[in-house]
**Student:** 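Shown below is the structure under consideration.
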Protein chains: 2
Amino acid sequence: MRTSKYLLSTLKETPNDAEVVSHQLMLRAGMIRRLASGLYTWLPTGLRVLRKVENIVRQEIDNAGAIETLMPVVQPFELWEETGRSEKMGPELLRFTDRHVRPFVLSPTAEEVITSLVRNEVSSYKQLPLNLYQIQTKFRDERRPRFGVMRAREFCMMDAYSFDINKEGLQKSYDAMHDAYCKAFDRMGLEYRPVLADSGAIGGSGSQEFHVLAESGEDLIAFSTESDYAANIEKAEAVAPTTERAAPTQEMTTVDTPNAKTIAELVEQHGIAIEKTVKTLFVKASDEVDADIIALIIRGDHELNEVKAENLPQVASPLEMADEAQLRDLIGAGAGSLGPVGLELPFIVDRSVAVMSDFGTGANIDGKHFFGVNWDRDVQLGQVEDLRNVVEGDPSPCGKGTLQLKRGIEVGHIFQLGTAYSEAMNCGVLDANGKNVILEMGCYGIGVSRVVASAIEQNNDEYGIVWPEAIAPFTVAIVPMNMHKSERVKEAAEKLYAELTAMGIEVLFDDRKERPGVMFKDIELIGIPHTIVIGDRSMDEGHFEYKNRRANTKEAVEMANIVEHIKAQLS
Amino acid sequence: MRTSKYLLSTLKETPNDAEVVSHQLMLRAGMIRRLASGLYTWLPTGLRVLRKVENIVRQEIDNAGAIETLMPVVQPFELWEETGRSEKMGPELLRFTDRHVRPFVLSPTAEEVITSLVRNEVSSYKQLPLNLYQIQTKFRDERRPRFGVMRAREFCMMDAYSFDINKEGLQKSYDAMHDAYCKAFDRMGLEYRPVLADSGAIGGSGSQEFHVLAESGEDLIAFSTESDYAANIEKAEAVAPTTERAAPTQEMTTVDTPNAKTIAELVEQHGIAIEKTVKTLFVKASDEVDADIIALIIRGDHELNEVKAENLPQVASPLEMADEAQLRDLIGAGAGSLGPVGLELPFIVDRSVAVMSDFGTGANIDGKHFFGVNWDRDVQLGQVEDLRNVVEGDPSPCGKGTLQLKRGIEVGHIFQLGTAYSEAMNCGVLDANGKNVILEMGCYGIGVSRVVASAIEQNNDEYGIVWPEAIAPFTVAIVPMNMHKSERVKEAAEKLYAELTAMGIEVLFDDRKERPGVMFKDIELIGIPHTIVIGDRSMDEGHFEYKNRRANTKEAVEMANIVEHIKAQLS
């Protein structure tokens, strides 16, 4: 491709409204342009990357035995009522009516459509296993779209759906997709991790997310220092301490704490160690509990894990914190002075809290705390659960090593759905004995547009994007210096362009009438892995200059050897 | 691909609701399934064809120098107000609001989005010419979707938009796309014609449609018997007769015609030749005319060309026929008895009518006609225009040969828009003198999903689809007979499958436990060009059977030569 016949659209300035580096660089490198909130046009450079990611995904998903289909973006609303997801999805599911006032949605995903297809097309166990996928435009009406294509409303997604006769089959289909994802992300040259994820409201028996590691990632992932164990923070188990609870050494005393509204203030003003304090949080209780709210007690230096809390049968879903007025009404004190001692409401204690002794807690009287509290002596311990986020140094749930935390960007998800959808939509086949069996389903997604942004979050420097070769918009750039004045430079550049292109290498030939500095900046910003600089001065010495974007190195290469040199660089 | 791991989904019966052969065969061959009115899921076999068409289109459009982008399916409604198309498109433009009640549309095309992009990204004539395209989902809320993907609501379309500094540039861009379309349709193996088309309301200076020829086509195309001239029936000019008008030989007489409400009845009951009669049609007049309605007069055996009529400045657009009550009110007679003699309303006469003499026409009195009417003697001739559809045998407007009519399916369109959009959206650049110049635009579309259906309309027989090789879902089918009983057949089939696949040939290996008859029927229905039958009986004689789908021939091929034989068949 010649830049003179291309839409480069690079920007010198970083646009104001772009918060994260991938969004900034995608705008600056001429990859995307905003059409409206959460809606982006992919410019030629961006689309080249998107298609490379898409093709790698397609090949690996094909290799895993899945078969490609294409479902409409516009789906009848009735199907979403069959599974009850029309309610669950809330306003993210964009609804509208057609000219005949029939209700439709813009597809955020396609479980309903595919299940309805399979229940019509597949009737015998002999047609199984079956895994159907598509790579298609999706739409989610995000309340607050941001970070460019990272959290856009319209995006490109690979979504696959497997159908099996039993759980063993599902496990095989799931494992095959796990492997396909690994191969795809490996080929893209991304540093990523498959991590255990919570199965959430949908139920199902297994679920993993694939995260591209990047400091800017929105998600926290916990890794074992000594095994393959990895889980997102929502899922990572905080194992019960192996230490026994120490015997009480202090009497319980009431302390005036008029200025301690937070744990930090309590620690600072009253000299108590933060590990000797507890936080008492009140959330809406489920119907299983004979009270409106229920307390969750975690150590002062820990954070509540909302997903773990929500998964408890005693807690209402979605999780809802009690408000100040409700607390005052039921307990007579406000947040900051609450605790389990003398509490007339049910509570659940975190595993770490269950082994504490001589600890401090709110006294359920404004401006007062109890210090030297001990379980069973001062208050009955009761139910103990894993309620908190893990922290660095926690023992790994796998039994080996301790946990480390890293940040990641979720780019893929694989999920054992079980029969949640097939049951609701009556999708079954006849088995070998002629009996109808409801199918075991899995669903699998890769956010193709998001992979592009996350690859940039992981691969960039002060000059711009540093593409992994497999997903770079171009593999090689040719930058001729003053080509429009030097016939020799022009000839050499044209010849090399023709030669590399004929070899199937994707070359961007910068044939603009621009100063060399402008050209170098653009090529670096766009992140092309290999650059060949052709100029009179180096040609006088019989060489071209080769620049490696990732290593940020230059070297002189003999003119006659340049093609071989480039070939040697390509992975 | 092995059929055992594929979703074949062929149907034995022709579905009732499919009217045209392509729709029937696409359902029967397992290419598509209906999700809702005008919405289709592409099953694996259908998608394979769709992608082949898409890739050929992409390659040829790339070769023409256009650059691929990807625009959102969801577009802000405001953009459509800028050009006034929000009104013009009517209810085909599907509108909805997002969760924040902001108005959007589902993209039926992207002139507005691309023009808004180019006005932001392109500022200098040095960046031109520029041709940007996408291959993307489109939506048109058709009032009555039908014929499967032929007239669906959601469909896949290639749409390109060229931007040039002047009309010469536009002509070059237009010509390059014309060539690219020809190359693409040639490669697909389709019989097609580029035909002149009317530029319609949008104006612009040139427009051609690409039609796949098929008896079942909805459109009529006129061809010269002796030149390349081709135009759709709307556009094809009925040239003025070169014969002079004959002198009158009859007196004008009034004839009682109480039972002749139509031309056919008049001819039958009164012995007048149909070429000696005229039809007088009344349509709503434009503001240019000092009357509510205006008459259009064509020969009794001709048809009014509504597009030609609508393009007259005297006729209101869109074309609207006057109703019976209005005619009776203004003229005092009903349709069937109307004519130019003594008419107090303006009229325009077709070129063929202008050379008639001694003709019959309604007398503007119910149940009466005038016979022996002559222009200028009995009624002033006035304005003469081309008002009618051409018929077979008309002289070609190119001056060579006569016109023949064929039926076609419109699969592509190229259009010189001129400045219609760039003016409305203020899309200009600075020229070499630093002056702002509004850009000359062209727009170009190929209905990718429609090409698939039209290819089937053109290529089918009693057994099913007969794919041109370049767009066949698979190139070769291997059909082993009783593979599950004969180890020798199994081995030979597996070996051949591996060999052909390794050569990059797309093979469907029918490894199902089905009777040979079932397999043959499916392979024929799907339309795979080349089939190799492997069976014990022919192997005893040292050969396999080769079947050619299009020629409908079988031949025995020596086992050792089968790969060479297949290679020789491939184009």
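Nothing here was measured: the structure is a model prediction, and the numbers come from that model. Numbered from 1 within each chain, the chains take letters A, B, ... in sequence-line order.
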**Student:** So what's closer than 4.5 Å to chain A heavy atoms on Ile114(B): side chain, backbone, both or neither?
**Tutor:** neither
**Student:** Identify which of Glu92(A), Gln75(A), Lys5(A), Arg143(A) forms the greatest number of heavy-atom pairs closer than 4.5 Å to chain B.
**Tutor:** Arg143(A)
**Student:** Please classify the contact of Ile32(A) with chain B as side chain, backbone, both or neither, using a heavy-atom distance under 4.5 Å.
**Tutor:** neither
**Student:** Applying side chain to side chain contact (heavy atoms under 4.5 Å, CB included), run through Leu106(B) and Leu106(A) and close with a yes or a no.
**Tutor:** CA-CA 10 Å; Leu106(B) 284 188; Leu106(A) 283 188; 3.8 Å; yes
**Student:** Is any side-chain heavy atom of Leu43(B) closer than 4.5 Å to one of Leu70(A)?
**Tutor:** no
**Student:** Does anything in residues 151-159 of chain B reach chain A? List residues with heavy atoms under 4.5 Å apart, or say none.
**Tutor:** Arg153(B), Glu154(B)
**Student:** Supply the atom-to-atom distance Ser4(A) OG to Lys126(B) NZ, rounded to the nearest 0.5 angstrom.
**Tutor:** 12.5 Å
**Student:** Are there over 12 heavy-atom neighbours, none belonging to Arg515(B), within less than 6.0 Å of that residue's CZ?
**Tutor:** no
**Student:** Using a 4.5 Å cut-off on heavy atoms from C-beta on, say whether the side chain of Leu94(A) contacts that of Asp98(B).
**Tutor:** yes
**Student:** Measuring heavy-atom distances to chain B, does Leu8(A) have an atom under 4.5 Å in its side chain, in its backbone, in both, or in neither?
**Tutor:** neither
**Student:** With respect to chain A, which residue among Met71(B), Glu142(B), Arg99(B) yields the maximal number of heavy-atom pairs within a distance under 4.5 Å?
**Tutor:** Arg99(B)
**Student:** Tell me, for Leu50(A) versus chain B, whether the close heavy atoms (under 4.5 Å) come from the side chain, the backbone, both or neither.
**Tutor:** side chain
**Student:** Check whether any side-chain heavy atom of Asn120(A) sits under 4.5 Å from a side-chain heavy atom of Arg33(B), and report yes or no.
**Tutor:** no
**Student:** Identify which part of Thr137(A) has an atom lying under 4.5 Å from any heavy atom of chain B, answering side chain, backbone, both or neither.
**Tutor:** side chain
**Student:** Under a 4.5 Å cut-off applied to non-hydrogen side-chain atoms, are Leu39(B) and Phe104(A) in contact?
**Tutor:** yes
**Student:** Under 4.5 Å, counting heavy-atom pairs only, tell me which of Gly30(B), Pro44(B), Ala36(B) racks up the most with chain A.
**Tutor:** Pro44(B)
**Student:** Report the option among Val122(B), Leu128(B), Ile67(B) that has the most heavy-atom pairs separated by less than 4.5 Å from atoms of chain A.
**Tutor:** Ile67(B)
**Student:** Between His100(B), Lys513(B), Gln127(B), who has the most heavy-atom pairs with chain A when the cutoff is under 4.5 Å?
**Tutor:** His100(B)
**Student:** Which one, Leu11(B), Val74(B), Leu130(B), Asn131(B), leads in non-hydrogen pairs under 4.5 Å with chain A?
**Tutor:** Val74(B)
**Student:** Using the ring-ring contact (aromatic ring centres under 6.0 Å, His included) criterion, which residues pair with Phe96(B)? Sequence neighbours excluded.
**Tutor:** Phe96(A)
**Student:** For Leu47(A), which atoms come within 4.5 Å of any heavy atom of chain B: side chain, backbone, both, or neither?
**Tutor:** side chain
**Student:** For the atom pair CD (Glu121(B)) and OG1 (Thr10(A)), what is the distance rounded to the nearest 0.5 Å?
**Tutor:** 9.5 Å
**Student:** Given that the side chain runs from C-beta out, which part of Thr45(B) has a heavy atom under 4.5 Å from chain A: side chain, backbone, both or neither?
**Tutor:** neither
**Student:** Can you tell whether the side chains of Arg51(B) and Glu68(A) come within less than 4.0 Å, N to carboxylate O?
**Tutor:** yes
**Student:** Which region of Arg48(B), side chain (C-beta onward) or backbone (N, CA, C, O), has a non-hydrogen atom less than 4.5 Å from a non-hydrogen atom of chain A, or is it both or neither?
**Tutor:** neither
